[in-house]
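Protein chains get the first letters and strands the later ones, always in sequence-line order, with residue 1 at the start of each. What you see below is based on every heavy atom in this structure, not just the backbone, and it leaves out hydrogens, waters and symmetry mates.
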Protein chains: 4
Amino acid sequence: MAARPPGGAASADDDRAAHARAERRRQILEAAKEVFAEAGYHEASINAIIERAHIARGTFYLYFDGKAAVFDALLDEAMRELRARITRIDVEDPAAPPPHLQLRDGLVRVLDYVLGDRLLATILLSGTTATEAEAANRAGAFFGEVRSVIRTALEQGIQMKLVRPCNVEVTSAALLGLVRGVVEHLVTTASPPAATEVVAEMIAVALRGVLNA
Amino acid sequence: MAARPPGGAASADDDRAAHARAERRRQILEAAKEVFAEAGYHEASINAIIERAHIARGTFYLYFDGKAAVFDALLDEAMRELRARITRIDVEDPAAPPPHLQLRDGLVRVLDYVLGDRLLATILLSGTTATEAEAANRAGAFFGEVRSVIRTALEQGIQMKLVRPCNVEVTSAALLGLVRGVVEHLVTTASPPAATEVVAEMIAVALRGVLNA
Amino acid sequence: MAARPPGGAASADDDRAAHARAERRRQILEAAKEVFAEAGYHEASINAIIERAHIARGTFYLYFDGKAAVFDALLDEAMRELRARITRIDVEDPAAPPPHLQLRDGLVRVLDYVLGDRLLATILLSGTTATEAEAANRAGAFFGEVRSVIRTALEQGIQMKLVRPCNVEVTSAALLGLVRGVVEHLVTTASPPAATEVVAEMIAVALRGVLNA
Amino acid sequence: MAARPPGGAASADDDRAAHARAERRRQILEAAKEVFAEAGYHEASINAIIERAHIARGTFYLYFDGKAAVFDALLDEAMRELRARITRIDVEDPAAPPPHLQLRDGLVRVLDYVLGDRLLATILLSGTTATEAEAANRAGAFFGEVRSVIRTALEQGIQMKLVRPCNVEVTSAALLGLVRGVVEHLVTTASPPAATEVVAEMIAVALRGVLNA
DNA sequence: CATGAATGAGTCTTCATTCAT
DNA sequence: CATGAATGAAGACTCATTCAT
């Protein structure tokens, strides 16, 4: 189901149909995004989704296999977008910007996205707990990836004497938490500050801590 | 309605009965704790709880008003225990230990508790997302409190020139996230390191950041 | 509504159109026959039918009023064909072949048809049970007719002293069942014997029973 | 689910509970029997069953896993009862009654049962067609067994020269159909004749055919 | 107090049918 | 004529909660 009709040569009609289909899909995804962000996976009902999307029950199942499938699609979207914004810090290419700028730019990209789609971020943050097994695993795996990126950065930094020696397991967990904490704050704050300002604070804390001098 | 039988003077019989009652309650809470920690609020079923507690369905409702009520009780327990371990840093009493030791001791107490009851900590961490409204609010309020403690500490620190001037909103969110990140790591790690060691790392990151020198 | 376009004088164009239309109809009927025979009335889905017929959903409804209508058409086809092969035994016309030959030829015709279109026979056999009321009644009525033919033959036979006196109600039910049993056997057997051979066995049992001498 | 609570020593209370449970189960089975007999497997709805049984939806699922499970239970009941009444004809024990009496008594037992529970017989007859795969297979296997009994009897009879040589495949199919035809007739007839009379006719047809002399 | 059978509101999901293009 | 996206009625099933024993 929910599959594009096959066919090699795409006529103008096919294009139009595919476009309409994609729009419909988006419409459902947007409605589902709102519902999931407000109510969480379990409290969300297909009913609420189709009402908000102004479609009939059957239409929903024309585009998604079920509740889990829409949730997965949303999760995937969030993860895909974020993955594209999270890049490992390049310390070898001499043409690359200095590491702290790479870090800053990456975080700005991430927070910009988060601020631009707070509902989606909410869903991702909630994705690790209390949802159906598969989605939880997927979201868990995603944060595992992110932590892995952080861990690697720490290890490289230590080797280059930029970072002081530390327990990378604990520290990477701490830094991931730090970012998540800030994201959660931004997502739930009515009028959040600009991403660049927030990032400056985050980096200051992460790199130099809160102590004076 | 899960209410203690009324009566002014407590006889020996009453005591024994109350004791038996309290034990029963505990037995249910322990079962529920395991179930909620494993499955999350929604996936958890009354069935699973009463099976693990070896009681009949009706008995459950003699001790708790329903699923939400047990969850709340567990949440309350976790919050009560943690509140007792989280103390505002006293900077006025000259007899009090220096702030950084107060901080360290507080964190050790908290992490000791978390490591001693990982299930409960799991529940609390999951409590903010995707559960029924009331509990989510309660857990949310709790973390709000904690963040408030952190914010106050930061503000005091800034006034005392111990802490560099910063955006306390963002920074408190970051530090709360940092702690949560570490707790989540500990809770999901098979053989976690000792609390004191972890706390040392956390404090190092929080106070001085990860940069060398 | 599956109605032939109106019009008095049939032009060549009309003919061609009518022909195309009839072919389309046939194509759907063949697909439906396979699906109904494989899955039974209820398990059969419009989806399966239109997929096998390589037509669009809406097209199906241009030729038939719905699922029941195609099933009915198939049932009718089977019943029409069989009715044409089942003839009352003529005992009055002196030019007619002797009764037992008429019986034999009639059965051979029936079994030949059944063996030639096993799917259709399967549908007819399944038509009496567990389908929507109307079709069940129609199929039921058909078998009632057949039994009536048998009953009449028995009564005539008794009058002519060819058949021993018996309870014609029970005996006609028995003989109808006998035929249905054999048909079902043929329809579900991979490589069934030739019709003539089977008919010889059937007639032997029906006329003389299984006892020796 | 729907399982007797375990426990070695059965107290009077347990007995009473088990009895109540068994009665409830029966009540549901009876309601389901009527509904399935009237409407067939697919047209039958859980709704219709619970309405006729005067129970709530959930209660139904306390006793059966679903629609298929009740149907299976009914099918099993019918098959169990009939199997107990169908015995292979014993031609070796000299103390056994003569074969034709064994045959007669067996058929009388079967028809008595069928007449005593026409609804159940209806369900069994409908069980081969158009139901969910498993049940259809089970019913199909049952009739396969019965035919096997008939086939064996024919082969023994042929060896003993009681039965004339014949194609046992076709003939057993014919005789099974004969019995089914008569059963169907009895089941759908308002005031059917007594089993003994019907059996006499059936045996007459099967053994000697319908011809005079 | 303890029990567990009974309840029924709430959800998900399927699929025959319609209709605008 | 043909299409296939949209529809929504209908049905199966779950599970928190109640209450008579």
- [ ] Could you tell me the separation between the OG1 atom of Thr122(C) and the CD atom of Glu38(C), rounded to the nearest 0.5 Å?
- [x] 10.0 Å
Open item on the list: Is the shortest side-chain heavy-atom distance between Gln27(B) and Ile55(B) below 4.5 Å?
Closed with: yes
Open item on the list: Under a 3.5 Å distance rule, please check whether Lys67(A) uses its side chain to pair with a backbone N or O of Ala44(A) as donor and acceptor.
Closed with: yes
Task: Contact under 4.0 Å: Arg24(A) side-chain N or O vs dA5(F) OP1/OP2 - done: no
Open item on the list: Without decimals, in angstroms, what is the distance between Ile50(D) CD1 and dA5(E) P?
Closed with: 19 Å
Open item on the list: Please report the distance, rounded to the nearest Å, between CZ in Phe64(A) and P in dT13(E).
Closed with: 14 Å
Task: From NE2 (His42(B)) to CZ (Phe36(B)), nearest 0.5 Å - done: 10.0 Å
- [ ] Would you kindly give the CG-to-C1' distance between Leu62(C) and dT17(E), to the nearest whole Å?
- [x] 12 Å
Open item on the list: Dot-bracket, 5' to 3', for DNA chain E please: Watson-Crick or G-U pairs under 3.5 Å, [ ] where pairs cross earlier ones, | where the partner sits on another strand, dots elsewhere.
Closed with: .||||||||||||||||||||
Task: Separation between OG1 of Thr59(D) and CD1 of Ile28(D), rounded to the nearest 0.5 Å - done: 7.0 Å
Open item on the list: How long is the straight-line distance from CG of Leu119(D) back to CG of Leu124(D), given to the nearest 0.5 Å?
Closed with: 13.0 Å
TODO: Round to the nearest Å and state the distance from Phe60(A) atom CZ to dT13(E) atom P.
DONE: 8 Å
Open item on the list: Rounded to whole Å, please give me the gap between OH in Tyr63(A) and C1' in dT13(E).
Closed with: 18 Å
- [ ] Compare side-chain N and O positions of Tyr61(A) against OP1 and OP2 of dA6(F) and report whether any pair is under 4.0 Å apart.
- [x] no
Task: Along DNA chain F (nearest heavy atom to each residue), the more 5'-positioned of Gly66(D) and His54(A) - done: His54(A)
Task: Any side-chain heavy-atom pair of Glu34(A) and Ile49(A) under 4.5 Å - done: no
Open item on the list: Distance check needed: dC15(E) P versus Glu51(C) CD, whole Å only.
Closed with: 12 Å
Can you pull every protein N or O that's under 3.5 Å from an N or O on nucleotides 8-11 of chain E?
unit_1, atom_1, unit_2, atom_2, d
dG8(E), N7, Gly58(D), N, 3.1
dG8(E), O6, Gly58(D), N, 3.3

Open item on the list: Measure NE2/His42(B) against P/dC15(F) and give the value in whole Å, please.
Closed with: 12 Å
Open item on the list: How many whole angstroms separate atom CZ of Phe71(C) from atom C1' of dA16(E)?
Closed with: 16 Å
TODO: Report yes if the side chains of Tyr61(B) and Ile46(B) come closer than 4.5 Å at any heavy-atom pair, otherwise no.
DONE: yes
Open item on the list: To the nearest 0.5 Å, what is the distance between CD1 on Ile50(C) and CZ on Phe60(C)?
Closed with: 8.5 Å
